[in-house]
Q: 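One structure, as structure tokens, below. Some questions next.
These values consider heavy atoms only, across backbone and side chains, with no hydrogens, waters or symmetry-generated copies. Keep in mind that what you see is a predicted model, and the values were worked out from it rather than measured.
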Amino acid sequence: MTLSASLSHVVLVITAAVLFYVALTDFKEFKIRNEFIVVLAGLFVVHALLSGRWVSAHWNLAFAALMFCVMLYFYGQNLMGGGDVKILTVGFLWVGFRCALPFAVLLAIFAALHVVAARFGWAQVQQVGDKKRIPLAPSIAGA
């Protein structure tokens, strides 16, 4: 195993730790700080350079930009929070088009489990007008 391959694994561990912290913060406070979004995007660039994924990274970037535009519509309709749009954009940057379907399936499973937990009162919800919202970052981090 080369040094860059070993370092790319270290970047993945750091990314997992940052994702865990972001998920925990969103779970408790319903907030995702912009600094962590920048860190996660930067870690993608570092990982792409170290692992050799930089060759196809432009497709990941294009897919993330496309998904960002789609999610802006839902944000404009007040169906998604701004933090959810940010963290999902970075999530799609990391998974790319090739792994988007497994990511979406896992995201749906984890979000459904979170909704069930919220219904039973095991997880906190945010009341916004007549609607209840759950934090999405824990489900995204799990997926």
Side-chain angles (χ1 to χ4, degrees), residues 4-143:
S4 63
S6 297
L7 289 176
S8 72
H9 292 300
V10 171
V11 171
L12 289 176
V13 170
I14 294 169
T15 302
V18 171
L19 268 175
F20 180 78
Y21 182 77
V22 169
L24 190 61
T25 303
D26 191 32
F27 187 73
K28 289 181 177 181
E29 302 172 10
F30 290 86
K31 290 186 184 189
I32 300 173
R33 295 177 50 140
N34 293 336
E35 295 85 8
F36 292 114
I37 300 302
V38 172
V39 167
L40 289 169
L43 285 169
F44 171 77
V45 171
V46 171
H47 181 263
L49 292 172
L50 291 174
S51 68
R53 288 181 57 193
W54 62 271
V55 176
S56 62
H58 63 284
W59 290 112
N60 288 37
L61 184 61
F63 182 64
L66 173 69
M67 294 308 295
F68 177 74
C69 291
V70 170
M71 289 182 292
L72 276 182
Y73 170 77
F74 293 104
Y75 176 73
Q77 299 297 315
N78 206 24
L79 297 172
M80 286 182 80
D84 299 335
V85 171
K86 294 184 295 190
I87 192 79
L88 268 173
T89 300
V90 172
F92 282 119
L93 176 66
W94 270 93
V95 299
F97 180 73
R98 296 178 76 185
C99 295
L101 182 61
F103 176 71
V105 169
L106 287 171
L107 179 60
I109 291 169
F110 287 124
L113 290 172
H114 198 159
V115 167
V116 169
R119 287 226 186 241
F120 285 114
W122 301 332
Q124 201 175 20
V125 294
Q126 185 181 43
Q127 189 73 37
V128 179
D130 59 341
K131 295 182 180 180
K132 293 181 180 180
R133 291 187 172 178
I134 62 168
L136 195 57
S139 301
I140 295 167

Q: What's the shortest heavy-atom distance between A111 and I134, and which atoms?
A: O-CD1, 4.2 Å
Q: Please round to the nearest 0.5 Å and tell me the distance separating atom CG of L136 and atom CD1 of I87.
A: 9.0 Å
Q: To check you understand the geometry: which heavy-atom pair defines the closest contact between Q124 and P135, and what is its length?
A: O-CD, 4.1 Å
Q: Tell me which donor-acceptor pairs under 3.5 Å the side chains of residues 60-74 have, and how far apart each pair is, sequence neighbours excluded?
A:
{"from": "N60", "atom 1": "ND2", "to": "L93", "atom 2": "O", "distance (Å)": "3.0"}

Q: Per the side-chain hydrogen bond (donor to acceptor under 3.5 Å, both in side chains) rule, what does the pair list look like for residues 18-32, sequence neighbours excluded?
A: none
Q: The criterion is side chain to side chain contact (heavy atoms under 4.5 Å, CB included); which residues satisfy it with V105, sequence neighbours excluded?
A: L101, I109
Q: When rounded to the nearest 0.5 angstrom, what distance separates CG in L43 from CG in L19?
A: 9.0 Å
Q: If the condition is side chain to side chain contact (heavy atoms under 4.5 Å, CB included), which residues does V46 pass it with, not counting sequence neighbours?
A: V11, L50
Q: Is there any side-chain hydrogen bond (donor to acceptor under 3.5 Å, both in side chains) pair reaching into residues 82-103, and which pairs are they, with sequence neighbours excluded?
A: N34-K86
Q: Give me the atom names and distance for the closest heavy-atom approach of P102 to C99.
A: CD-O, 3.3 Å
Q: Among pairs that include at least one residue of residues 33-57, which meet salt bridge (Lys or Arg N to Asp or Glu O under 4.0 Å), considering only residues two or more places apart or in two chains?
A: R33-E35
Q: Listing request: all ring pair (Phe, Tyr, Trp, His ring centres under 6.0 Å) pairs with a residue in residues 122-143, at least two apart in sequence or in separate chains.
A: F120-W122
Q: Residues two or more places apart in sequence or in another chain: which of them pass ring pair (Phe, Tyr, Trp, His ring centres under 6.0 Å) with Y75?
A: none
Q: V22 and F36: which non-hydrogen atoms are nearest, and at how many Å?
A: CG2-CB, 3.5 Å
Q: Please enumerate all residues that pass side chain to side chain contact (heavy atoms under 4.5 Å, CB included) together with A143, with sequence neighbours excluded.
A: F103, L106, L107, F110
Q: With sequence neighbours left out, which residue pairs that include part of residues 118-143 fulfil the salt bridge (Lys or Arg N to Asp or Glu O under 4.0 Å) condition?
A: none
